[in-house]
Every structure is written in structure tokens, then in C-alpha cells.
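No hydrogens, no waters, no symmetry mates; every other heavy atom, side chains included, goes into these values. Protein chains get the first letters and strands the later ones, always in sequence-line order, with residue 1 at the start of each.
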Amino acid sequence: MKTFRQHSILIFSATVLVLFTAVAIFAPFIAPNDPNYVDLTQKLQPSSKDYPLGTDHLGRCQLSRLLFGARTSLSTAFIVMSITFCISVPIGIFAGYMGGIVDTWFIRICDMLMAFPSFLLSLAFVGMLGPSYGHLILAMVCVQWVFYARFIRGMVLSVKERSFVMAARICGTSPFKIAIKHIVPTILASVIVLLFMDIGGVILSISGLSFLGLGVQPPYAELGMMINDSKPYFRSHPMLMMYPGLIIFLVVISFNVFGESLRQWLQVERRL
Amino acid sequence: MIEVQQLTIKTKEATVVRDASFQLTQGKVLGLVGESGSGKTMTAMALVDLLPEGVTWSGYISYHGKELKTFSKEELRRLRGEQIAIIMQRPMIAFNPVRTIERHFIETIRAHQAVTKRQAKAIAVANLEKMGLPPLQILSQYPFQLSGGMLQRIMMAMTLALEPAYIIADEPTTALDTTNQLTVLKELKAIVEQTNVGMLLVSHDLAVIQYIADEIAVMYNGFIVEQAPLTSLIKSAKHPYTKRLLQAEIGRENSQKIVNNIVQHDSCPYFAACPFAQVSCQSLPPLLEVAPHHQVRCIQIERSKSVCPSSK
Amino acid sequence: MIRFIYKRLLGAIPSIFGLSIITFLLIQLIPGNPVLTYLRVSNIQASEEIVQALRVEMGLDQPLITQYLQWLTNVLHFDFGTSFISKRSVLDEMVLHFLPTLQLTTVAFLLIIVCSIPLGVTSALHKGKWFDRLTQLFAFSSVSLPTFWLGFLLIYFFSVQLDLLPVLGKGSVVHFVLPATTLAIGYIGTYLRLIRASTIEVLEEPFVLYAQARGLKERTIVWRHILKKAASPTLTGLGMSFGNMLGGTIIVENIFAWPGMGQLLVESIVNQDYPMIQACVLLLGIVFFLTNLIVDILCGWLDPRIRLAGDRIK
């Protein structure tokens, strides 16, 4: 039974997310100043008409950097999730549908990769490849795809035995068509819910890596990186550190709430 | 004596028991018979106030004159097991799978009696032997290693160890095969005879109840539709449902749909299934005494004893 | 019990091999010539002869399989090579840094258990009431908190404003408080919810009803019956988290200047000290894996059904 409360939480969190996304997309139009413009004469200013939230240690407008930082975090997470989705869905379906030795090897590879904590593995990847935006995305995708592919494979295994798939096979439908027309629609809902539930974690990882200097590189603004930059000044100017973190927190919690209520709405099984 | 009057049990969706009244006397067995969904297990659980979440009961239940509603939490706890014990329906799932029988036994005894573990174990051993079970072997086993029949008897042993005044046996034979069924029934009979407990025997199988009950109450759709001493019921049952039960002598599966619809309205609970139903049967009949200690809930019988063929 | 452990250990061997393969392959990801990197980092001028000599010395002229086997043999002899930077044995550095990380993670782990179990069980018992709602809110938020932000917030409030707790480095017991709390809070939230859900599930089981019907005290029922049963699924998660926490320490150590493996790893990444990176990753991976294994075995101990599957009395 879908209660009013469930409805309203879902809609509320969806609205917040849409707002954040809108801000991220329109950041170039909303931001009062250029986020990367360095003006050392203006360093560490309090809020004023020109700089509504003050400036950072390099004289850059804090508000603009926050807006662009949110934009970077969100867009990077989106890119990572999209690529993960595009990779893991075919692989998961393939492994699950084919079964046999393909599946066995797939599981072995997954087990090997999952033997590491994911953040550590991404860190190591970026560490080896060298810090850059492209490497960041590559590292995160390489670590993320395993979980999704495995989940999808599991779902495929259970869907494979269901009557409509059997019927399609008996009719001689090609496996490719079966995959697209039958399997994908059945599992799509669960996968999308999963994506939403995990994207918060991805954002945290991205900002975590950027905080360590191994993620998004300057001069681009990124929320985690901004926190790292403000480290030396945090006693005198704590707000430089507060705002980026607050925004990360709000974005992540909105995604988590949305993902959770979406899951309840669609009644997807909890994956653990 | 446990007295129950006008017991009504409601879940969030429907009323599952309405206006049930009966008495449990020590030394006597009351059989509660009805199909699944008739409300009999709920009635039994209400006696110890252990209804599931969201289910409430109203009415009057008293133990030796003291009303159940006035019991404190601690008094309720002591009541359960010591005064009135339950032998549950499916013994396989009633035990905690990760604890041995010994621990089950000892904790039950020590929850009610101030004895040491060793003394408790001795009591356990004695009671298991009474049930014809090898005590030391059983005590060290985990529940999943034992069969349903054995667990049923272990439950009975645990029940007896506390020497309660009343026992509720909820479908004690349902989960067993026929050979075991008879054994369990014989044991229950022996228990009543030897220890003078008052027993409430709940079952969907009239044959089982006939074996040891002194008095029988027939439930349908949440109402008690007939209540009489054993011989009276068997020889001269009045309610059409009771008659059908006696003819069939087998319990039947019920369709839940009927249960939820009718108990809400104020009509005869058996209206939809009664072969003798008439338009006038659509009002709720009260329980009427038609013979000494023999009560029936049927409009036709209330009206006149010759109109409805079921009153013969 | 022994047979069970033996079976599990046997199954673990292929996974450990997989671990080593991945760690080895990580090095292969390095763009460019590792020899040149080494020379650059060590401030040695590169010339044809030196490069060639180093290639041979590092075994880089061998086929990949041989390199892997050589590396593996070294590892099994606890020889992880020498650090590009400090020129000391990698093993020495790692041992020095491993202990603080282990201590921090253990303290955080204990903190998680001590906080989440009572909170989880209590909120399950009082489902729907204000205590439950409050803890749920807390749990949800704590998972969304960025560790690095939380760390700074805690520092700001407890150290700067209130001047209660020390911030940087490792020293006395008090130094553990802030870093361990930062590390633990996210997990407390998750486990609280898990334990709560588990307890709610267990509360509906028939054996709980029967325990009540036997007149057992509520305290007995909760702590003796429910906990053991509810603990099993949670324990698996907790064990896996121990490994995850090892990843989380990376950030916490950075914030609080804690001299542990996390610091070592980040430093070596920044300095491109490849042998060190490789060894750290391998070590952390193995610890992660071992904790999972131990948890697996513990579950078998707690739930005899897993252990004894197959013995029955009729």
C-alpha cells in the first residue's frame, strides 16, 4: 500500500534532486563570477555584494566555486554511472544468460576484484595511472562495474527460468532479441533503483579522491577538493570548509532518500 | 476456573472473533473445533494476551475471578507457563534453532522456579522420562536435529514440568502422522486424568476432539455457533454446520474470502454456506440454550423448532 | 568444527591467488617506462646504459609470467623490494605504519559494535516511537556524511571551540577519540539499521512467541534468544566493513595526521613510489580478505545449522 507519506517523501526528494541538477546545469548562468579567476588582492574576503559568500585563499568567488563544484561532482558521478551502466548491463546479461564456463570465469573475476575495498582499489588505480580527470573516471568505472554486473547476472539467472523467457526460446527467438525484449525490461526497474541508491556513494568517493588530490584536478572546482584547499585556513575561516561539505551532504542524502523511497515504491529487493 | 465472556478480537482489517463465551474448568477438557480461519487459534492466544501486533481484544476474561486486563506485565509473565501453558501448533518452528533442548528446558524452569541449573536439569530429565524420551540424548540436541513428533513431546514435557493449572493444546496432532497422533492424544488424556488440569483443545478435526473432550464448542467465521457437552453434541447436534462436520468427520480448508466479508455484517455467519438459509437468516442470531448446557446460534431454531429441517 | 574451517580455508586459496594477480597487474598500469620513473624520482641522470642495466636488474626484460612468479616468490619470502623514495625496505616501512592503522580500525570497530547493537535492538523493540524515528534519522544522515567533512566538523567543535580533545597525530588514548569516531559514524548508521531490521524480523518468529508463552522474562528473550539469531546476518556485514574501514582510514589518517598505512599509501602515490604502493595494496587486500574469512567461520560457529548440516536423529 502506497501511503501518503511514501508519496510525499518520494516527491519531495525528487524535487530537491531536480533543483540540485538544475543548479548544476545552469551554474554558468547563475554564478556571479568566474570560479577560476584568481585575484590575490581579494583573498579571504568576507561576504560582500560582489562576492556573496566571500572569497577563498586565492581570491576566487566562493559562491561561484560552490556552484561549479556541485556541477563537477554531479556531472562526474553521472558520467561514471552511465558508463558503468552501459558496461555492466551487457556483461551481466551475457554472463547470466550464457551460463556455463563464461559465467564461471565471470564470477571468478568478480570475486578477485571484490576482494578489495572499492575505495582502495580506485585509489590504487588512480595512483598508478597518474591523477587526471580521465583516470578518475576510468578508475571508478573499473571498480563499480563489478557490483552491477554481478547483480544483473543474478537477476538474469532468476528471470531466465520464467515462463515467458522459456516461451520465447521455444519459439526460436534469437538470444539477442530475448535479451533486449524480455530480459532488459524485467530487470530495468531494479537496476535503475540500484543506480540511484549507489550514486550517493559514488559522489562521496569522487569527492574523497579529490580531497586527497587524486581526483578532479585544479583549476576545476570540485567540492572535495575545495575542502582540501581550505585546510590551512580552517581555523580562521571555517566557512570555507563548511559550505562545500554541507552541499555534498545535502546532495548525497537527497539521493539516498530518493533511492530508498524509489525502492520502496517499486518494491525492489534490498541487495546486500 | 477461567471465564471468558463476550470475547471479541479485531485485526486491522476485520473482526476475527465475536462474542465468544466459554469456561475452562480444572479436570475438564473443552474442545474448540473449526476450520482454519474460524478464529480458534486467536481465541486461544487471547487467553494469555499473546495476540500478534495490531490485533486487539475486548470482552471479559478472568482467572479465578481476577480479570486479565488488570494483570501487570510481571503477573502476565508469571501466568504464562505457570498457570496456563501452551502446546503450540508446529513444534518444528517453536524452538529457537540455535539453542539446545537443555537450554530451552532449563531457562523455562528457572523463569518460574528459584532453582539451580542442576536442579532444573533434574526436573527436565524426570519430565522427559515421563514422556518416554531418552533424556540425556535429547537434552544435548538442537531442535533441527529432531523430528516433529519428538519436539511435540518435548514441548509437552516442558509444559508439565511447570505443573500448570490449565493447558492450551493448539492443533497438537496436525503436524504429525496418524500413528503419532493417537499417541499424543492418549498422552493428553492421561495428563488430564493424572494432573487434573483444565484443557482447551483446539483443532479442525472433530474426530481428534471427540477423543478426549468433555465439552465441545464449534466455531465458524469467528462465532461460536454451537456449544454442548460431548454426548449431547454427537447425538443431537442442532446447527447445520455441526451436522456437516459430524457427517464428514474431516476438517476442510476454508476460503478466506468468506471470513472477511461476513463477520463485518450483522448476519448469521453461516449464511453463505448454509443449505437451509432463508431471507430471515440475515440477522445475527444470539446463542440460545436449547437443552441443558447446549447452546446454538441459529435463527431458525430460535424461531420455532419445527420450521427449519436442521432442527430435527 | 575443524572440518568446517578446513573446508573454508581450502576454498580461500584461489581467491588469494586472484588477489596477488590483480596487485601484480596494477603495476603494469603505470604509463611510461617504470625505469625512467625510478631514475627521475631518484634524481639519477638517465642514459642508455643505466636504463638498460636497470631494466635487467628489475627483471623487466622477462616475460610477464616470469615477472609475476619472481614477484610472488619474493612476496612469499616477505621481500617486497625497496622503496623508491626512502631506499629502506618496503617491509620495514609497512610494519611501522600498519600497527597504528590496525589500532585505529579496531577501536572504531569496537565503537561501532558498542553503539549500534543497543541502539538497533532498542529501536526495534520500540518500533514507531520517537526513539526509533530519531535513530532512523541519525542512521540515514550518518551514511551520507562525507568523512572528510565530518572529521573537520568534529575538530572544529571539539578542538577549536571547546578545546577538549587533541587533534593531530597519535599519542595517548585521548588521541584516538576523534579519528575513531569519524571513522565509525558512517558505519554505525548502517549497522544500526541492519540490526534493527534483523531484530524486527526475529521478533516475528514463532519461537519468540513460544518463549513469551513459556513466561520467559523480556530481558532474557531479547538478549539470549533474539540477539544470537539477529546477529548472524549483521556479523557478515560487520566483518566486511572492517576491510572497508581500512579504505576509510585513508581519509581519516590524512585529516588527523595519523601515522598509518593510509598516510603511507597516499604519500607513495604522490611520490610515485611503486613498490610501496603495490605492497600496501596487497597487504590491505589480504587483511580485507582474511577478515571476511574469519567472519565466515564465526558465522558457522554461531549458527550450528551451517556447521552441522547433515547430522540428524530420527
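Counting non-hydrogen atoms of neighbouring residues, nucleotides and ligands closer than 6.0 angstrom, the OH atom of A:Y133 exceeds 12 such neighbours. Around atom CZ of A:F125, more than 12 heavy atoms belonging to other residues, nucleotides or ligands sit under 6.0 Å away. Atom NZ of A:K231 sits in a crowded spot, with more than 12 heavy atoms from other residues, nucleotides or ligands closer than 6.0 Å. Taking a 6.0 Å sphere around CZ of C:F138, one finds it holds more than 12 heavy atoms contributed by other residues, nucleotides or ligands.
Here CD1 of A:I253 is found 7.0 Å from CG of C:L137. Values are rounded to the nearest 0.5 Å.
When side chains are defined from C-beta on, A:E260 counts as touching C:F140, because their heavy atoms get closer than 4.5 Å. Using a 4.5 Å heavy-atom cutoff, the side chains of C:I155 and A:M241 are not in contact. Side-chain atoms of C:L153 and A:M242, non-hydrogen and from C-beta on, do get closer than 4.5 Å to each other.
For a heavy-atom cut-off of 4.5 Å, chain C lies close to A:S207, A:G208, A:F211, A:L212, A:L214 in residues 207-215 of chain A. Within residues 142-150 of chain C, the residues having any heavy atom closer than 4.5 Å to a heavy atom of chain A are C:V143, C:S144, C:L145, C:P146, C:F148, C:W149, listed by residue number.
When heavy atoms are compared at a cutoff of 4.5 Å, A:V126 does not approach chain C at all. For A:F249, the parts sitting under 4.5 Å from any heavy atom of chain C are the backbone and the side chain alike. Of the two parts of A:I109, neither the backbone nor the side chain holds a non-hydrogen atom closer than 4.5 Å to a non-hydrogen atom of chain C. Interface remark: C:L265 contributes side-chain atoms only to the contact with chain A (heavy atom separation under 4.5 Å).
Interface summary for chain C: among A:P238, A:A124, A:P244, A:S254, the most heavy-atom pairs under 4.5 angstrom belong to A:P238. Of the listed residues (A:L246, A:L120, A:N228), the greatest number of heavy-atom pairs within a distance under 4.5 Å of chain C belongs to A:L246.
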